[in-house]
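Data block below; observations after.
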Amino acid sequence: MAKSPTEAARQGSPIVFALDFANVADAERAAIRVRDAVGMVKVGLELFVEAGPRAVAIGEACGLPVFLDLKLCDIPETVERAVGRAAALGARVLTVHASGGPAMLARAVKRAASEGTGLAIAAVTVLTSLDAGDLERLGVSGDVTTHARRLARLAFDEGVRTFVCSPREVAAMRAELGGEATLITPGVRPTDGSATGGDDQKRIATPARAAADGADWLVVGRPIRDAADPLAMARAMRDEALAAMPA
Ligand code: C5P
């Protein structure tokens with residue numbers, strides 16, 4: 001039986017390398033270069049729209065599980081069928097929007113389980129690009145964290161056990177969801193401040209902070225992709241996170 005995402009993170013590297021590249025060749029080359037220090041690779045919308053299944057096949061080429069970050073949100077039937085295809089492609093984690101509602105979440109989880117490939121459905125709660133003013137315009141009252149917790153609870157109650165959240169929310173999510181949840185956080189930056197310029201991540205955390213707060217997986221893109229020595233950067237971030245993970 002496949003290991004749970006949390007188990008896998010603790011046994012190897014908790015670093016998810018975001019393959020934010022415009023083509024498969026560049027993404028695959030970069031993934032192979034750092035594979036010894038990362039535990040998973042993330043294929044996002046850019047690469048998937050460009051290359052589809054060939055992008056997911058990078059996982060096989062570099063020997064790592066694939067986090068398919070498509071943030072699905074549609075009627076339950078459509079999402080369920082997409083989950084079936086993602087499982088067939090061999091993805092290990094697939095993101096869906098918790099705001100797609102209880103039926104969509106439940107059908108996604110059920111379909112992933114019935115495929116028997118070890119695919120985990122991960123819920124995205126509130127996009128980190130939205131603030132309280134945006135939520136208000138969408139008709140949602142209250143602060144962002146309260147809404148994120150509400151959506152996380154809904155997803156948990158429908159069977160979701162994996163969540164994507166900002167480093168700032170990790171501790172609150174862990175408190176809300178308990179030890180059974182697998183938490184994945186982007187916005188992780190190296191402790192030495194060597195992240196390259198042009199960075200639009202505002203709510204950031206170091207690997208140690210995110211891991212100490214309860215993150216199981218840390219999504220890292222540009223700090224590894226753009227480092228002078230990507231493998232050394234991935235190793236340093238992995239070692240720092242592993243050392244800070246609660247026993
Ligand atoms: O380059 P960087 O480390 O900021 O990459 C982070 C990755 O995580 C990107 O692929 C980005 O799309 C993704 N992500 C994010 N913030 C979220 C959700 C996903 O940065 N809230």
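Note that ligands are numbered from 1 as they come in the structure, with each ligand's atoms numbered from 1 the same way. Predicted model, so just to flag it, every value in this text is computed and none were measured.
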Identify, by atom number and element, the atoms of ligand 1 in contact range of [X], meaning under 4.0 Å from any of its heavy atoms.
X: Val219; value: 7 (C), 8 (O)
X: Ala18; value: 7 (C), 10 (O)
X: Val220; value: 3 (O)
X: Arg222; value: 1 (O), 2 (P), 3 (O), 4 (O)

Can you list every side chain to side chain donor-acceptor pair (under 3.5 Å) pair that touches residues 238-247, not counting sequence neighbours?
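Only Thr191-Glu240 qualify under side chain to side chain donor-acceptor pair (under 3.5 Å).
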Grouping I, L, V, M, F, W and Y whenever their side-chain heavy atoms are under 4.5 Å apart, do Phe17 and Leu231 come out in a common cluster?
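No; tracing contacts between hydrophobic side chains, which count when under 4.5 Å, never links both residues.
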Under a heavy-atom criterion of less than 4.0 Å, does [X] contact ligand 1?
X: Asp20; answer: yes
X: Pro223; answer: yes
X: Arg225; answer: no

If I apply the N/O under 3.5 Å rule, does Thr128 come out as touching ligand 1?
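Looking only at distances, the answer is yes, because the N/O contact criterion of under 3.5 Å is met.
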Can a salt bridge be assigned to the pair Asp229 and Arg33 using a cut-off of 4.0 Å between side-chain N and carboxylate O?
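Looking at Asp229 and Arg33, the cut-off is not met.
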Carboxylate-amine/guanidinium contact Asp26 Arg29, below 4.0 Å
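Result for this pair is yes, salt bridge flagged.
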Lys71: which of Leu45, Leu94, Leu127 passes side-chain contact (heavy atoms from CB on, under 4.5 Å)
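It is Leu127; the other options fail the test.
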For atom 17 (C) of ligand 1, the option (of Pro186, Cys165, Gly221) bearing the nearest heavy atom
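Among Pro186, Cys165, Gly221, the closest heavy atom to atom 17 (C) of ligand 1 comes from Pro186.
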With atom 12 (O) of ligand 1 as the reference point, say which of Arg189, Glu169, Lys42 has the nearest heavy atom.
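It is Lys42 whose heavy atom sits nearest to atom 12 (O) of ligand 1.
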Salt bridge (Lys or Arg N to Asp or Glu O under 4.0 Å): which pairs involve residues 93-114, sequence neighbours left out?
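For residues 93-114: Glu77-Arg107, Glu80-Arg107, Glu80-Arg111, Arg111-Glu115.
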Check: Leu70 main-chain N/O paired with Thr95 side-chain donor or acceptor under 3.5 Å
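Judged by distance alone, yes, a pair lies under 3.5 Å.
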